[in-house]
Amino acid sequence: RSGRELGANAVLVGTISARKSGLTIGVELVDVTTGWQLWGETYDSENKDLLQIQNAITKQLLANLKLKLTCEEEKRITARCTENASAYQSYLEGRYHWNRYTRMGIEKAINHFRHAIELDPNYALSYAAIVDCYLRLATNYLPPEDDMSNSRGAVAQQYQESINDESDWRVKLRFEWDLKSAEREIRRANDLKTNYPAAHQWYFAYRYCKQLCQESRFIGQHQNKLTNTNRFTLREPLQPQIGSVELTPTEHLQVCCAIVREQIDAGNYQAGCKLLQPWWSFGNRPKLDDLNQQSCADLLFTAGELAGFVASSVNLPRGQKHAEELLNGAVAFFEQLGLTKRVAEGRIALALCYHRQGLFDIGFTTLLRVFDDLSEGDWELRSLALMRLGGLERNTGRLKDALGRLVQAIEIAEKCGPWITARCDLELASIHKDLAISEDAALHFEQAMCFYLKALDQFEAVGHHRYVAIVENNIGMLLLNRRSYADAEKHLLRARKLFGALSDTFRGAQLNETLSRLYIGTKEYERAQELVEKAIKVFEHTDAEAILAEALTTSGVVGSRLGRFSEAKMSFEGAYKISERCSDNEGAGLALLTMFEELGEQLDHSEKIQVADRLRNLLATTQQRTLQARVEKSLAKITSPTEKESNRS
C-alpha cells in the first residue's frame with residue numbers, strides 16, 4: 001500500500017533481530033504491483049560487520065534493479081562518513097537519545113557522540129552532532145516539557161496512520177539530514193576553493209561549544225557574575241590522534257560558518273549569533289580584517305541569512321534591510337570570484353528578504369532571474385528557487401500558479417533530502433489550505449492536512465522546533481477556516497507556547513493575530529481586540545509591512561463588530577495604503593473588500609463607487625474563487641437597483 005501511494009515500482013523491506021553476538025538482518029525487494037519477492041537475503045552479523053553488510057545490500061539492490069548509474073551517482077549512494085562500524089553504531093545510538101528532545105536525552109546523546117569521535121577522530125557527522133547538542137543546551141533550544149512527545153493528536157490521526165517504529169524512523173531521517181548537510185557544505189567548500197572542515201577544526205569547535213554550554217550554565221546559576229563567552233581557549237587535553245588546534249583566521253571562520261548554517265537550518269538562531277560574535281553582531285558591519293575574498297563572501301552570506309531569520313523572529317526595526325545589505329555584499333564578492341552557484345544562492349536568500357517585507361514584485365523578479373540562470377544539474381538551488389517562487393505566488397493570490405511551482409519543486413527536492421522536502425511539504429500544504437478556503441473544496445482540505453502532517457513529522461524528527469510551531473499554527477488556521485474552533489484553538493495555543501519558549505516574539509504576534517480571527521468567529525470580540533492590538537504593536541516595529549496590513553484588516557473587523565466604526569475604517573484604510581505601497585494588490589483589495597462588507601452601511605455613495613473602482617482593478621486577476629464571489633456580491637450591492645435610482649435622482 002505504501003509503495004502504491006508513493007508511486008514506486010518496488011519497495012525494500014527488512015527486519016533486524018538482536019542476538020548475543022550481533023544481529024540477524026533480513027531484507028527483501030518486493031514488486032509493488034504483484035507483491036512478489038524480486039530478491040531476498042538474510043545476513044548474520046557482528047556489530048563490526050555492519051558497514052560491510054550495508055555495502056553488500058546496496059550492491060545487490062543496484063544489481064537487481066538493473067540501474068545504470070554514473071560514477072558520481074554510484075559514489076554518492078555508496079558513500080560512508082566512517083569506516084568504523086562501532087563509531088557508526090555509537091552515532092546512531094546518540095541520535096536515538098537526541099530525538100527525545102529532553103535535556104537528559106541530549107546529555108546521553110553527547111556521551112555516544114563523544115565515544116564515536118574517540119573511535120574515529122575524523123568522523124565529521126559525530127562532531128557536528130555533538131556541537132549541535134552543546135549549542136541546544138547553551139541556548140535552551142528545547143520544546144516545553146509537556147510538548148516533548150509527537151504532537152499529532154486526535155484530529156491528526158484521522159488523516160495519517162501512526163508510524164510503527166517511530167524512533168527508528170526518526171533516527172534514519174536525521175541521519176539523512178546530516179548526510180545531505182555535509183554534502184552541501186562540501187560543495188560550498190569546493191566552490192570557495194577550500195577544504196571541508198578538517199578534524200582539528202571540528203575538534204576545536206566541539207571543545208568551544210562545550211565551553212559555551214558550561215558558561216551558559218554558570219551564568220544561569222550566578223546571575224551577578226559575568227563570564228567572557230567570546231574567548232577561544234580550550235580547557236581539556238587534546239586527543240593524541242588530533243593535530244594542533246591552532247587555527248588560522250580562515251580555518252576558524254570556516255568551521256564556524258559551517259556550524260552556523262546548520263543551526264540556521266535547524267532554527268536555532270541564537271546559537272548562530274553566539275558563534276558569529278567575533279566577526280558580526282546584529283545591526284553592525286562585519287569585521288573583515290585578515291580574511292581573504294572567499295572568507296569575506298562566506299561570512300557576509302552566512303551573517304546575511306542569519307540576520308534575515310533573526311529579524312523574522314524578533315521585532316527589530318530595519319532587520320530585513322540589514323540582512324539585504326549583508327547579502328548584497330556577499331553576492332558582490334561571489335560575482336568577483338566568478339562563483340555562479342553561490343551568486344544564485346545569495347540572490348535566493350535576498351528574494352526571501354524582499355518577500356518578508358512584502359516587496360513581492362522585486363522578490364519575484366529576482367527569483368525568476370536566478371531560476372533562468374541555473375542549469376538542469378543545479379537541482380538543489382532550482383528546487384529552492386521554485387519553492388520560494390511558489391510562496392510568492394501564493395501570497396499574491398495566484399494559487400494555481402503557486403501549486404504548479406511547488407509540484408515542480410517537489411519533483412527535484414527528493415534529491416535534497418529532508419532539508420528541503422519538509423519545507424516544500426509545508427508550502428504545498430499552505431497552498432492547498434488557501435485553495436480549500438478559496439474553493440471551499442474538501443479535497444484540498446484533506447490534501448492540506450496530509451502535507452502539514454508529513455511536514456510536521458519531518459520537522460520533529462530533525463528537531464526544528466520553530467518549524468514545528470509554524471506547522472501547528474497553520475493546522476490551527478486550516479481548522480479555523482473549517483469553523484472547527486475548539487480543535488483549532490488547541491493547535492494555535494500549542495504553537496504559541498512553542499514560540500514563547502523560543503522567544504520568537506514576531507511569530508508569537510502572528511499567532512495572536514490568528515487567535516484574534518478565531519475569537520471573531522466565536523464572537524469573543526473583546527478578547528479578539530486585545531490580541532490583535534498586541535500583534536500590531538509588534539509588527540509596527542518591524543519592516544514586515546504585508547503582515548502588518550493583514551493585522552490591520554483583522555483589527556478593522558474587530559472594530560466594526562464592536563461598533564467602533566471610525567476606528568475600524570482607519571484600520572482598513574491603513575491596511576489598504578500599506579499593501580498598495582508594497583505592490584500587494586491582493587492585500588490591498590482584501591482590505592477594501594472587507595471594509596465594504598463590514599462598514600457598507602457607514603459609507604456614503606461616493607465612497608462606495610470609489611471602493612468599487614479600486615476593487616475591480618486590484619482583484620481583477622485573483623485566482624481565489626471565493627474572493628471573486630465576494631467581490632461580485634459587493635459590486636452588485638453597490639450598483640443595486642436602489643443605488644441606480646439614487647443616482648438618477
Side-chain angles (χ1 to χ4, degrees), residues 70-73 75-76 179-194 196 257-258 261 264-265 293-294 297-298 300-302 304-305 308-309 323-324 326-356 359-396 398 401-428 431:
T70 64
C71 291
E72 183 63 31
E73 287 172 332
K75 183 180 176 183
R76 189 169 68 244
L179 284 174
K180 295 295 183 182
S181 294
E183 287 176 13
R184 194 158 56 252
E185 287 302 326
I186 289 168
R187 285 195 294 273
R188 285 190 177 115
N190 289 339
D191 286 346
L192 292 169
K193 296 181 173 60
T194 59
Y196 183 61
C257 281
R261 286 190 289 267
I264 291 170
D265 289 341
Q293 278 191 313
Q294 287 89 342
D298 206 22
L300 287 168
F301 172 75
T302 305
E305 261 210 318
F309 281 104
E324 274 184 55
L326 294 166
L327 289 167
N328 275 315
V331 168
F333 271 113
F334 288 144
E335 287 177 330
Q336 287 177 23
L337 294 164
L339 305 176
T340 54
K341 289 184 182 179
R342 302 285 70 84
V343 169
E345 189 175 23
R347 286 188 173 140
I348 291 170
L350 266 172
L352 183 57
C353 288
Y354 300 140
H355 187 167
R356 289 169 178 145
L359 304 175
F360 299 143
D361 286 348
I362 187 171
F364 195 75
T365 303
T366 301
L367 285 170
L368 282 179
R369 178 184 172 187
V370 168
F371 190 74
D372 290 341
D373 290 343
L374 289 170
S375 68
E376 289 293 329
D378 298 327
W379 38 264
E380 191 171 84
L381 292 175
R382 284 174 68 86
S383 62
L384 189 59
L386 283 165
M387 186 185 76
R388 299 297 185 211
L389 278 166
L392 274 170
E393 299 270 29
R394 181 174 72 84
N395 278 104
T396 52
R398 299 191 290 267
D401 296 338
L403 186 59
R405 302 275 189 197
L406 263 294
V407 169
Q408 275 185 280
I410 205 73
E411 289 172 357
I412 311 171
E414 295 299 332
K415 299 178 183 179
C416 310
W419 173 71
I420 193 163
T421 54
R423 285 184 283 182
C424 279
D425 287 334
L426 175 56
E427 285 290 344
L428 269 170
I431 289 167

Legend entry - Working for side-chain contact (heavy atoms from CB on, under 4.5 Å), residues Leu359 and Ile362: CA-CA 6 Å; Leu359 304 175; Ile362 187 171; 3.5 Å; yes

Inset, instruction - Show your reasoning for whether side-chain contact (heavy atoms from CB on, under 4.5 Å) applies to Arg398 and Phe364. - result: CA-CA 12 Å; Arg398 299 191 290 267; Phe364 195 75; 3.9 Å; yes

Inset, instruction - Using the side-chain contact (heavy atoms from CB on, under 4.5 Å) rule, take Leu374 and Trp379 through it: C-alpha gap first, then chi angles, then the decisive distance, then the call. - result: CA-CA 9 Å; Leu374 289 170; Trp379 38 264; over 6 Å; no

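For the atom pair CD of Glu183 and OH of Tyr196, the computed distance is 10.0 Å after rounding to the nearest 0.5 Å. To the nearest 0.5 Å, atom OG1 of residue Thr194 and atom CD of residue Gln294 are 8.0 Å apart. Interatomic distance, Leu192 CG to Leu337 CG, rounded to the nearest 0.5 Å: 7.5 Å. How far OG1 of Thr421 is from CG of Leu428: 11.0 Å, rounded to the nearest 0.5 Å. Taking CG of Asp373 as the reference point, atom CG of Asp378 lies at 10.5 Å (rounded to 0.5 Å). Separating the CG atom in Leu386 from the CD1 atom in Ile410 is a distance of 11.0 Å, to the nearest 0.5 Å.
Residues Leu384 and Trp419 are in side-chain contact: their nearest non-hydrogen atoms beyond the backbone lie under 4.5 Å apart.
Contact record, Ala297 with Ala330: O-CB, 3.8 Å, taken as the closest heavy-atom pair. Heavy atoms only, all atoms of each residue included: Cys353 and Leu327 are closest at SG-CD1, 3.9 Å. The two residues Val370 and Ala344 have their closest heavy-atom pair at CG1-CB, 3.8 Å. Leu367 and Ala351 get closest at one heavy-atom pair: CG-CB, 3.4 Å. For the pair Ala323 and Gly308, the tightest heavy-atom approach, listed with the atom from each and the gap, is CB-N, 3.5 Å. Shortest non-hydrogen contact noted between Gly304 and Leu326 is CA-CB, 3.6 Å.
Under the side-chain contact (heavy atoms from CB on, under 4.5 Å) criterion, Glu335 pairs with Val331, Val343, Arg347, not counting sequence neighbours. With sequence neighbours excluded, the residues forming a side-chain contact (heavy atoms from CB on, under 4.5 Å) with Asn328 are Glu324, Leu350, listed by chain and number. In this view, Ile431 and Arg394, Ala402, Leu403, Leu406, Leu435 satisfy the side-chain contact (heavy atoms from CB on, under 4.5 Å) rule, not counting sequence neighbours. Remark: Glu345 engages Arg188, Phe301, Arg342, Leu381 in a side-chain contact (heavy atoms from CB on, under 4.5 Å) (not counting sequence neighbours). Shown here are the side chain to side chain donor-acceptor pair (under 3.5 Å) partners of Arg369, two or more places apart in sequence or in another chain: there are none. Taking the ring-ring contact (aromatic ring centres under 6.0 Å, His included) definition, one finds that Phe360 meets it with His355, sequence neighbours left out.
Asp265 has a carboxylate O that lies under 4.0 Å from a charged side-chain N of Arg184, or vice versa, which qualifies the two as a salt bridge. Salt bridge status for Arg187 with Glu380: present, with a side-chain N to carboxylate O gap under 4.0 Å. Using a cutoff of 4.0 Å between basic side-chain nitrogens and carboxylate oxygens, Arg382 and Glu376 are scored as salt-bridged. Salt bridge annotation for Arg261-Glu305: absent, with no cationic side-chain nitrogen under 4.0 angstrom from a carboxylate oxygen.
Side-chain atoms of Arg405 do not come within 3.5 Å of backbone N or O of Met387 as any donor-acceptor pair.
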